[in-house]
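A note on names: the letters A, B, ... follow the listed sequences, proteins ahead of strands, and every chain is numbered from 1. Keep in mind that what you see is a predicted model, and the values were worked out from it rather than measured.
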Protein chains: 2
Amino acid sequence: MRHETDESLTRICLAVFRLNGALLDAGDELARPLLLTSARWQVLGALALSDTPLTAPRIAQAIGLTRQGVQKQLNALAPLGYLEKLENDDNRRSPLFWLSDAGRRAYQEMDALYRSWAAKLVLGLPVEELADAARTLEELAGRVKSWGASNTPQRGGRES
Amino acid sequence: MRHETDESLTRICLAVFRLNGALLDAGDELARPLLLTSARWQVLGALALSDTPLTAPRIAQAIGLTRQGVQKQLNALAPLGYLEKLENDDNRRSPLFWLSDAGRRAYQEMDALYRSWAAKLVLGLPVEELADAARTLEELAGRVKSWGASNTPQRGGRES
DNA sequence: GCCTACTTGACAACCGGCTGTCAACAATGT
DNA sequence: ACATTGTTGACAGCCGGTTGTCAAGTAGGC
């Protein structure tokens, strides 16, 4: 009887779509006081989690976006004073980006906001339920991503 | 110990982002042979599941998008011959949309493609695992959507 | 019958993704 | 040294969403 699992999968898909939108909205709302958006927060996060300055393409690689998309966010982030642009000896045209003090403060503030938001969100939900859901989603994401729609070779490696 | 549930939530968020992108890509790939995209498929679905013709705003309401966004897809769908535009006696400016024979065939074909894709995707995954994940996601989506980022009244109802 | 308020389609603009292209620079092989 | 290949930033354009605005049609109160 595949029918029930199909229905569950459909429910998961629909919930993922709704949740994705809701999470981005919530992230934007969380980030607004700091002049950030979900996308820019993610870029800050890549730098905050790295132990060395990164170029735009490295950041893109780290968060799974294209270098062009990340470049957009970096260009928007720079005027806010959250970034430090360092000369890159390995490639004069591609500067290294690093968090400025203000950027690091902003990221830490975002992290605190996120943590308290998350804590409120999961009130009353059993740990195992969340951990199980995380595992299932990761499994599904892996399958979908590697399979694509058919068993067709996926259009992976992007432009390079 | 809240820490572990926070981590699980973060994992869920990241998985949701990845899965959302992967599902849309897979949907586009599935729909391509029928000249459709994920977005247009969803619009066809709203009409297929309805028992009466619908106006653009009604479709938007059904699938949770703005009327303008749906209008875009309808405008794109019409030239494909998948839609029938019926005069609306209740509002001369707002035609009712209905699936043409070709549209209904296309939707049924999409449904078949989706079902076989879904069946392959969940091979080996226990039904309960998927059902549990679906429940958890629906719970989370509901919480995030109604809470927003803070306990701030959400900006629901859109433009009207 | 008229005025107001709502609904609707059309249009423009924006956002965050994507792709593609071009030119500059870097790295590598010969 | 030189040619080739790869990386990178800049830019333009597309997609699917959003918002906002405008004008036309509709509905309801008076």
(request) Indicate, with yes or no, if B/Leu35 and B/Phe97 share a hydrophobic cluster defined by side-chain heavy-atom contacts under 4.5 Å among Ile, Leu, Val, Met, Phe, Trp and Tyr. (result) yes

Can you check the [X] [atom1] to [N] [atom2] distance for me, whole Å?
X	N	atom1	atom2	answer
A/Arg67	D/dC11	CZ	P	13 Å
B/Leu36	D/dG16	CG	P	11 Å
B/Leu54	C/dT8	CG	C1'	15 Å
A/Leu96	D/dT7	CG	C1'	14 Å
A/Ile59	D/dT8	CD1	P	12 Å
B/Arg40	D/dC15	CZ	P	8 Å
A/Asn20	D/dT18	CG	P	13 Å
A/Asn88	D/dT7	CG	P	15 Å

(request) Before accepting this row, confirm whether a basic side-chain N of the pair B/Arg104/B/Asp101 lies closer than 4.0 Å to the acidic partner's carboxylate O. (result) no

(request) Run the salt-bridge test on B/Glu139 and B/Arg143 with the 4.0 Å N-O cut-off and return the result as yes or no. (result) yes

(message) With a 3.5 Å distance limit and no angle check, can you tell me whether B/Ser100 reaches the backbone of B/Glu84 through a side-chain donor-acceptor pair?
(response) no

Collect all protein-nucleotide pairs involving nucleotides 26-29 of chain C in which both atoms are nitrogen or oxygen and the distance is under 3.5 Å.
from: C/dA26; atom 1: O3'; to: A/Asp90; atom 2: O; distance (Å): 3.4

Do [X] and [Y] have side chains that get closer than 4.5 Å, going by heavy atoms?
X	Y	value
A/Leu113	A/Glu109	yes
B/Phe17	A/Leu23	yes
A/Tyr107	A/Leu44	yes

(message) Quick check on contacts: within residues 71-85 of chain B, what sits under 4.0 Å from DNA chain D by heavy-atom distance?
(response) B/Lys72, B/Gln73

(message) Quick check: any donor-acceptor pair below 3.5 Å linking the side-chain of A/Gln68 to the base of C/dG16?
(response) no

(message) Could you go through A/Ile59 and A/Ile63, starting from their C-alpha distance and side-chain angles, then the distance that decides it, and tell me whether this counts as side-chain contact (heavy atoms from CB on, under 4.5 Å)?
(response) CA-CA 6 Å; A/Ile59 298 172; A/Ile63 63 185; 4.2 Å; yes

(request) Output yes when at least one side-chain N/O atom of B/Arg58 is less than 4.0 Å from OP1 or OP2 of C/dT7, else no. (result) no

(message) By the 4.0 Å heavy-atom rule, please label A/Thr37 as base, sugar-phosphate, or nothing.
(response) sugar-phosphate

Could you pull out every donor-acceptor pair under 3.5 Å between side chains of residues 72-82 of chain B and any protein atom, sequence neighbours left out?
from: B/Gln73; atom 1: OE1; to: B/Arg40; atom 2: NH1; distance (Å): 2.4
from: B/Asn75; atom 1: ND2; to: B/Gln71; atom 2: O; distance (Å): 3.4
from: B/Tyr82; atom 1: OH; to: B/Leu34; atom 2: O; distance (Å): 3.0

(request) Using the closest heavy atom to pick a nucleotide of DNA chain C for each, name whichever of B/Pro57 or A/Ser38 lands nearer the 5' end. (result) B/Pro57

